[in-house]
2 protein chains.
Amino acid sequence: MDNRDNVQRPRVTINDIAEATGFAASTVSRALSRPGRVNAATRERIVAVARELSYVPNTHARALTSGRTETVAVLVSDVTNPFYFGLIRGTQHQLKAAGYTHLLIDTENSGELESHTLSKMRQSIDGAIMATSRLSRRLLAELAAELPLVAVNRMVRGVESVVLDSPSGVAQAAEHLISLGHREIVYMSGPQNSWANEARWRSLVAAAARHGLPVHRLGPFPAGRMSGSAAADALINTRATACIAFNDLLAIGMLTRLRERGVGVPDEISVVGCDDMFGADFCYPTLTTLAAPIEQAGRVAVSMLLARLHDSAPATRQSAVLPTHLIVRESTGPAPR
Amino acid sequence: MDNRDNVQRPRVTINDIAEATGFAASTVSRALSRPGRVNAATRERIVAVARELSYVPNTHARALTSGRTETVAVLVSDVTNPFYFGLIRGTQHQLKAAGYTHLLIDTENSGELESHTLSKMRQSIDGAIMATSRLSRRLLAELAAELPLVAVNRMVRGVESVVLDSPSGVAQAAEHLISLGHREIVYMSGPQNSWANEARWRSLVAAAARHGLPVHRLGPFPAGRMSGSAAADALINTRATACIAFNDLLAIGMLTRLRERGVGVPDEISVVGCDDMFGADFCYPTLTTLAAPIEQAGRVAVSMLLARLHDSAPATRQSAVLPTHLIVRESTGPAPR
DNA sequence: TTGAAAGCGCTAACAA
DNA sequence: TTGTTAGCGCTTTCAA
């Protein structure tokens, strides 16, 4: 007995179509999933009947025999972090266009959950796109050896990846601040295990060095708006007139705190964020930030992954680097004299 | 030949465990998925060996025979709408706690996509939670008859649902504005086919009527920050000193435009939003808004759905109503004289 | 180009 | 309590 009150209509299978058309089930299967290997007329007939009976292929049966699921997992550390908006949209569109199912997974900032989920899901997905992985280099490479994987915002040897050209972006931000007369620039550091954080810091050091300026870093601060208070307080305690924050979330948190403490932005301190996430254009003051084509990154990652899944050629292990650019808004201004 | 270079380790199946323990495959199956119906010692042995071989059950094979997938779909009209953050978190946690997989689906504001996706997914999910459905009453009820379904933020007869008590919340907002001396309050309407929009409008009318005040509505405006400009311009054109916007997205868009046009908030116009979404506390000025326990709504929805899936009793077709409350921030103030 | 038949990994009768 | 057996719906050899 079915314990739900839902109408469980008898599902249409290829056998029903086989019966209705007089062809064998195997022919129906071929006609539906491998149209090239069947007589055109036969295929048309079968497809027509399939539609008529509103046949829906059983993905489980298909996956069981073929191993393919037409599903790609997209792992992000926190679905509700606006930074991922663009990535989610990009992967979503590109996957849908290719007829794939988008399985969005929230790894809750845990590297362990990443690999655990992925191995549990192994048979349910054809591949995965991993954003901002918290995994160690070694573990990530191991994972990539077990299933088709593309990393976003993380570069590891042996793993295909799409990264944003933070170095050039951070350099732009530094030039911008320097051109405004700032001489003491501080980097508000994000989580220590963040690859992007290290990349940003290093390029800031390099950019400042080119101008003969020293830079310091404060933190690390957990990536989140909450950390903004501590970050702002720490910053006020220095002689710096400008800072570049690991990301917009942190920067916005700082703006709130600076306002609370009566420190004028940009009159006393200039703040630059990273990511141009949702909210950067309506916080107060609006945030100068480093924008990256994250939606495009999602699309590129999907393309790379699908190429990998479809091509007979071995993966090329390449990585794509996408350009970033600075968006100047109200939170930066001339250095106070 | 495998065309990927990934190591396809031979997957461990229950047959391997059967062989290793000497039990029949069916016993292994029972021990693993129905522990009560097997000798304790047997179970222990089997579980131990399963772990040793790092066995992972094949979800497709399981779904194929049993029809159960331990997966629940959560449909939202737009994953990147901050309003859903709490809902996503709530459902995520509750589902994970119950050992279910969370399949997050973006329906891109299309009712058609909702039902289409759901019927395609029918065999891949045990049930669904549908937020803010765009479907007609009839279609939603039909869908609910076909699979276990809980609607959030939408009330339809014959469909279990979790809704937020907007009426009481909007009344609070109205009282707040009236107590500040506002006499001309306008409702900035959201999409016409939105159930919540109608509910909010009706309760505002009722609340105002209790004070003998008339209210007008402007719009409808598409729910999005972009619509804020048109909404703000329309509002300025009236004699209203206060407005309640369909949601925070719209309200924040309005704030931006009002600032552009040099209209003081709250000095000249007070603005109230709905939802207390991400950003409402850092926009400028910070937004007075109606907060709803949306995360709790997600948890409750999952509980209702799981009860439905597990219990032998027929669904009770009940609906839960969660309280809302007003959060007063900077965007509301005394009416100008 | 098409059909027959085997079997993917698991669950669920039924029997013992 | 456990084993035997028969599929779930599909894909994929292998033959015709």
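Since this is a predicted model, take the numbers as computed values, not measurements.
- Shown for residues 15-29 of chain B: residues whose heavy atoms fall under 4.0 angstrom of DNA chain C, namely Ser26(B), Ser29(B).
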**Request:** Give the intermediate values and the outcome of salt bridge (Lys or Arg N to Asp or Glu O under 4.0 Å) for residues Arg308(A) and Glu160(A).
**Result:** CA-CA 10 Å; Arg308(A) 180 87 169 287; Glu160(A) 285 190 278; 2.9 Å; yes

**Asked** Pairing of DNA chain D as dot-bracket, 5' to 3': ( ) intra-strand, [ ] crossing, | other strand, . unpaired, with Watson-Crick or G-U pairs under 3.5 Å?
**Response** ||||||||||||||||

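- When the P atom of dT11(C) is taken as reference, atom CD of Glu70(B) falls 10 Å away, rounded to whole Å.
- In this structure, Arg45(B) and Val49(B) have side chains that are in contact, with non-hydrogen atoms separated by less than 4.5 Å.
- Taking only side-chain nitrogens and oxygens, Arg62(B) never comes nearer than 4.0 Å to OP1 or OP2 of dC8(C).
- For dC8(C), the OP1/OP2 oxygens have no side-chain nitrogen or oxygen of Arg11(B) closer than 4.0 Å.
- Separating the CG atom in Leu135(A) from the CG atom in Leu75(A) is a distance of 9.5 Å, to the nearest 0.5 Å.
- Not counting sequence neighbours, the partners of Ala24(B) by the side chain to side chain contact (heavy atoms under 4.5 Å, CB included) test are Ser26(B), Thr27(B).
- Partners of Glu19(A) under the side chain to side chain contact (heavy atoms under 4.5 Å, CB included) rule, at least two apart in sequence or in another chain, do not exist in this structure.
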Please table the atom pairs, donor to acceptor, closer than 3.5 Å between any side-chain atom in residues 94-109 of chain B and protein atoms at least two apart or in another chain.
unit_1	atom_1	unit_2	atom_2	d
Gln94(B)	NE2	Ser303(B)	OG	3.3
Lys96(B)	NZ	Glu108(A)	OE2	3.1
His102(B)	NE2	Thr91(B)	OG1	3.0
Asp106(B)	OD1	Glu108(B)	N	2.8
Asp106(B)	OD2	Val79(B)	N	3.1
Thr107(B)	OG1	Val76(B)	O	3.2
Glu108(B)	OE2	Lys96(A)	NZ	3.1
Asn109(B)	OD1	Arg134(B)	NH2	2.9

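- Atom pair Arg43(A):CZ and dT2(C):P shows a separation of 11 Å (rounding to whole Å applied).
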When you compare the protein's N or O atoms with those of nucleotides 14-16 of chain C, which come within less than 3.5 Å of each other, and at what distance?
none

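- Leu305(A) is not listed as a side-chain neighbour of Asp126(A), based on a closest heavy-atom distance of 4.5 Å or more.
- Note: CG (Leu64(A)) to C1' (dT11(C)) measures 12 Å, nearest angstrom.
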Please list every donor-acceptor pair under 3.5 Å in which a side-chain atom of residues 80-88 of chain A meets a protein atom from a residue at least two apart or in another chain.
unit_1	atom_1	unit_2	atom_2	d
Thr80(A)	OG1	Asp78(A)	OD1	2.7
Thr80(A)	OG1	Asp78(A)	OD2	3.4
Thr80(A)	OG1	Arg89(B)	NH2	2.3
Asn81(A)	OD1	Phe83(A)	N	2.8
Tyr84(A)	OH	Ser77(A)	OG	2.8
Tyr84(A)	OH	Thr132(A)	OG1	3.0

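- When the salt bridge (charged side-chain N to carboxylate O under 4.0 Å, His left out) test is applied to Lys120(B), no partner is found at least two apart in sequence or on another chain.
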**Request:** Could you go through the side-chain contact (heavy atoms from CB on, under 4.5 Å) check for His93(B) and Arg299(B) one step at a time?
**Result:** CA-CA 8 Å; His93(B) 288 158; Arg299(B) 288 198 300 268; 5.6 Å; no

Considering only distance and modelled atom types, tabulate donor-acceptor pairs under 3.5 Å from the side chains of residues 29-41 of chain B, sequence neighbours left out.
unit_1	atom_1	unit_2	atom_2	d
Ser33(B)	OG	Ser29(B)	O	2.7
Asn39(B)	OD1	Ala41(B)	N	2.8

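- Checked against side chain to side chain contact (heavy atoms under 4.5 Å, CB included), Ala301(B) has the following partners two or more places apart in sequence or in another chain: Ile129(B), Val150(B), Val152(B), Val162(B).
- Nearest-nucleotide positions on DNA chain D for Thr65(B) and Gly36(B) put Gly36(B) closer to the 5' end.
- The CZ atom of Arg34(B) sits 8 Å away from the P atom of dT11(C) (whole-angstrom rounding).
- First and last contacts of DNA chain D with chain A, using any nucleotide atom under 4.0 Å from a protein heavy atom and ordered 5' to 3', fall at dG9(D) to dT13(D).
- Here the C1' atom of nucleotide dT11(C) and the NE2 atom of His60(B) are 16 Å apart, to the nearest Å.
- Every residue two or more places apart in sequence or in another chain was checked for a side chain to side chain contact (heavy atoms under 4.5 Å, CB included) with Arg157(B), and none qualifies.
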